[in-house]
Amino acid sequence: MEYYSINLGTSYIYYLPASDYYSQYLMANVSILNLQISNSKNSSYSYYHLPQIGRVSLGYVSKYGKTNNLDVFQTDIQIEYSDLLNSGYYNTISFGGEIKFMEIISIRAGYYNIEGETFTDDDITYGLGFSYPFKVYFDIPLVIGLDYARSKYPYSDPSIGHNYFDSFALYLKYDIIK
């Protein structure tokens, strides 16, 4: 059985004082993940489906220096609340940060906890990303990238033997607003 999902969201950015070599802003995001479509004829009766998740996050981003139309150094700090929709289970809070060099290399680390759980090593998440911004050589706001992340399972399953998973993502992103 194959599933296809759609993620919908919106962001608001509030720019703070800046200069030619430094910029900063606050952002707020709201999204719903996994609005799904199944190719199964009996999808409404299927036990296996992706959970629909509501998310709200607040963040602060700062960027330093410019060279070849790229930000030299960027920091990003966010706090996020997630809720499995229509359920009292799976309320989570996470806190994390990212450091990005030349908009090409990203290093991320964070803390992720399900409401009511005690802290364990599995609550620590991290990731690494590589991207190629086409704006370096072309006037196109297109980015292609590869990401790795070690994340916590959204819910525990004792048969798995651990509470985390490794994921890889290949993405293509086009910025509508420059």
Side-chain angles (χ1 to χ4, degrees), residues 5-16 18 21-34 50-51 53-84 90-115 117-136 141-156 160 162-177:
S5 67
I6 298 171
N7 300 332
L8 296 175
T10 187
S11 296
Y12 176 77
I13 296 175
Y14 179 76
Y15 290 95
L16 298 169
Y21 299 102
Y22 176 78
S23 64
Q24 58 183 344
Y25 57 88
L26 299 171
M27 65 182 160
N29 304 296
V30 176
S31 60
I32 298 176
L33 308 176
N34 300 328
L50 298 171
I53 300 170
R55 286 190 173 161
V56 176
S57 68
L58 301 172
Y60 170 77
V61 175
S62 62
K63 300 177 181 184
Y64 304 90
K66 278 275 193 203
T67 183
N68 293 338
N69 204 22
L70 294 175
D71 296 313
V72 174
F73 185 76
Q74 176 180 327
T75 60
D76 181 354
I77 299 170
Q78 288 201 33
I79 187 165
E80 176 182 277
Y81 174 78
S82 297
D83 188 9
L84 185 63
Y90 182 68
N91 297 326
T92 66
I93 190 149
S94 59
F95 175 79
E98 176 181 46
I99 297 173
K100 194 180 270 190
F101 302 99
M102 300 295 292
E103 298 183 41
I104 296 172
I105 299 172
S106 302
I107 301 169
R108 295 177 289 280
Y111 167 78
Y112 176 98
N113 192 268
I114 296 175
E115 187 176 293
E117 282 190 350
T118 58
F119 177 79
T120 68
D121 288 344
D122 288 336
D123 294 335
I124 303 295
T125 62
Y126 55 85
L128 179 65
F130 298 97
S131 61
Y132 177 76
F134 284 83
K135 68 183 177 183
V136 173
L142 186 68
V143 177
I144 188 168
L146 176 67
D147 273 332
Y148 161 76
R150 179 191 179 267
S151 300
K152 183 173 179 163
Y153 278 112
Y155 40 83
S156 300
I160 295 171
H162 52 75
N163 245 358
Y164 61 90
F165 66 97
D166 297 312
S167 67
F168 295 89
L170 178 64
Y171 64 88
L172 185 64
K173 181 175 75 169
Y174 185 84
D175 292 329
I176 296 172
I177 301 171

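This is a predicted model, so every value here is computed, not measured.
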Item to check | Trace of the side-chain contact (heavy atoms from CB on, under 4.5 Å) decision for Ile13 with Leu26 | outcome: CA-CA 6 Å; Ile13 296 175; Leu26 299 171; over 6 Å; no

Item to check | Tyr171 side, atom OH; Asp147 side, atom CG - distance, nearest 0.5 Å | outcome: 5.0 Å

Next on the checklist: Side chains of Leu33 and Arg55, heavy atoms from C-beta outward: is any pair under 4.5 Å?
Outcome noted: yes

Checklist entry - Can you tell me how far CG of Asp71 sits from OH of Tyr21, rounded to the nearest 0.5 angstrom? => result 13.5 Å

Item to check | From CA spacing to verdict: side-chain contact (heavy atoms from CB on, under 4.5 Å), Tyr126, Tyr148 | outcome: CA-CA 9 Å; Tyr126 55 85; Tyr148 161 76; 4.0 Å; yes

Item to check | Interatomic distance, Leu58 atom CG to Tyr81 atom OH [nearest 0.5 angstrom] | outcome: 13.5 Å

Item to check | Tyr64 and Tyr22: CA distance, side-chain angles, deciding distance, ring pair (Phe, Tyr, Trp, His ring centres under 6.0 Å) verdict | outcome: CA-CA 5 Å; Tyr64 304 90; Tyr22 176 78; 4.9 Å; yes

Checklist entry - Is any side-chain heavy atom of Met27 closer than 4.5 Å to a side-chain heavy atom of Gln78? => result yes

Checklist entry - Taking the side chain from Ser131 and the backbone from Glu103, do they hold a donor-acceptor pair closer than 3.5 Å? => result yes

Item to check | Separation between CD of Gln74 and OG of Ser23, rounded to the nearest 0.5 Å | outcome: 8.0 Å

Item to check | Approximate separation, where rounding is to 0.5 Å, of Ile53 CD1 and Asn7 CG | outcome: 9.0 Å

Checklist entry - Is the count of non-hydrogen atoms from other residues, nucleotides or ligands lying under 6.0 Å from Phe134 atom CZ greater than 12? => result yes

Checklist entry - Under the 3.5 angstrom rule, does the side chain of Gln24 hit a backbone N or O of Leu16 as a donor-acceptor pair? => result no

Checklist entry - Taking only residues two or more places apart in sequence or in another chain, which ones pass side-chain hydrogen bond (donor to acceptor under 3.5 Å, both in side chains) with Lys173? => result none

Item to check | Nearest-0.5 Å distance that lies between atom NZ in Lys63 and atom CG in Asp76 | outcome: 9.5 Å

Checklist entry - So, do Phe101 and Val72 sit near enough that their side-chain heavy atoms are less than 4.5 Å apart? => result no

Item to check | Side-chain heavy atoms of Asn29 within contact of Tyr12, under 4.5 Å | outcome: no

Checklist outcome for this item: In short, Val143 meets Pro133 closest at the heavy-atom pair CG2-CA, 4.0 Å

Next on the checklist: Quick one: does any side-chain atom of Arg150 pair with a main-chain N or O of Ser167 as donor and acceptor, under 3.5 Å?
Outcome noted: no

